[in-house]
Amino acid sequence: MPEYFFKPEEIAALPVIGSDKLYPVNRIFCVGRNYADHAKEMGAEVDRQRPFFFTKPATAIVHSGAAIDYPPGTENLHYEMELVVALAGPLFEANRNQVKAGIFGFTCGIDLTRRDLQAGLKEKKHPWDLAKAFENSAVVCAINRSVSINDIDDKIIELSQNGRLRQRARLGDMVWRIEELLEFLSRYYHLGAGDLVFTGTPAGVGAVVKGDTLTGSITSVGTIEVSFNT
Ligand code: MN
């Protein structure tokens, strides 16, 4: 063991359904505009030439069931309910079949976004980090290993805010399929075990206020919940 100047942070790790072992998280990739209806509500269009990505640090992870503080620096925090792919890797310059073999499991995620800051950053063509890559901005639950990628299109993804349904779509509505997203990313990164990919959110995003509870689910994958302290 090397000697450090200070104790390193413990790495984020997710529970895995049916196992006592944890899945340690390395990187978090997130795709933007992957449901046409959501792109439209944001006043944007889906780029059908190539998907685009941003990242969050693993330190952004917060576990389902947590109560968190409303983050600083925003007056318009939005929820984005998403399917998350957990990789078993390695995937580099992978083809479709290799991609399928590189998947460890699936889970639910909520990509919390400082929408007001994001709007300003977009306008200036600046990076999105302040809007996306902050503490507690990646809510995730336990990884489910029993779902097949061949069987996800008809599954329903939904999110409710204080019991009121806000987002609901079929996973088959995704513009870029999971195989395509991973194939694309693997041209730019040596993807591997511990990497998570948030696959985009359907329409119906909206603002959170203090005291809110968000609950989400994806058929057969799992349920997720996070609440905001008053
Ligand atoms: Mn998102």
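Quick note: numbers below take in every heavy atom, side chains included, and nothing from hydrogens, waters or symmetry partners. First listed ligand is number 1; within each ligand, the first listed atom is number 1.
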- Note on the structure: Near the Mn ion (ligand 1) (protein N/O/S, cut-off 2.8 Å, waters excluded) we have Glu80 OE1, Glu82 OE2, Asp111 OD2
- Message: Just checking Arg177: does its CZ atom have more than 12 heavy atoms from other residues, nucleotides or ligands closer to it than 6.0 angstrom?
- Response: no
- Message: To the nearest 0.5 Å, what is the distance between NE2 on His63 and CD1 on Ile224?
- Response: 11.0 Å
- Short question: side chain of Gln118, backbone of Lys132 - any donor-acceptor pair under 3.5 Å? no
- Keeping the roles fixed (side chain from Thr107, backbone from Cys141), state whether a donor-acceptor pair exists under 3.5 Å. yes
Donor-acceptor pairs under 3.5 angstrom involving side-chain atoms of residues 124-131: please list them, not counting sequence neighbours.
none

- Angle class for the Phe53/Phe184 ring planes (parallel below 30°, perpendicular above 60°, tilted otherwise)? parallel
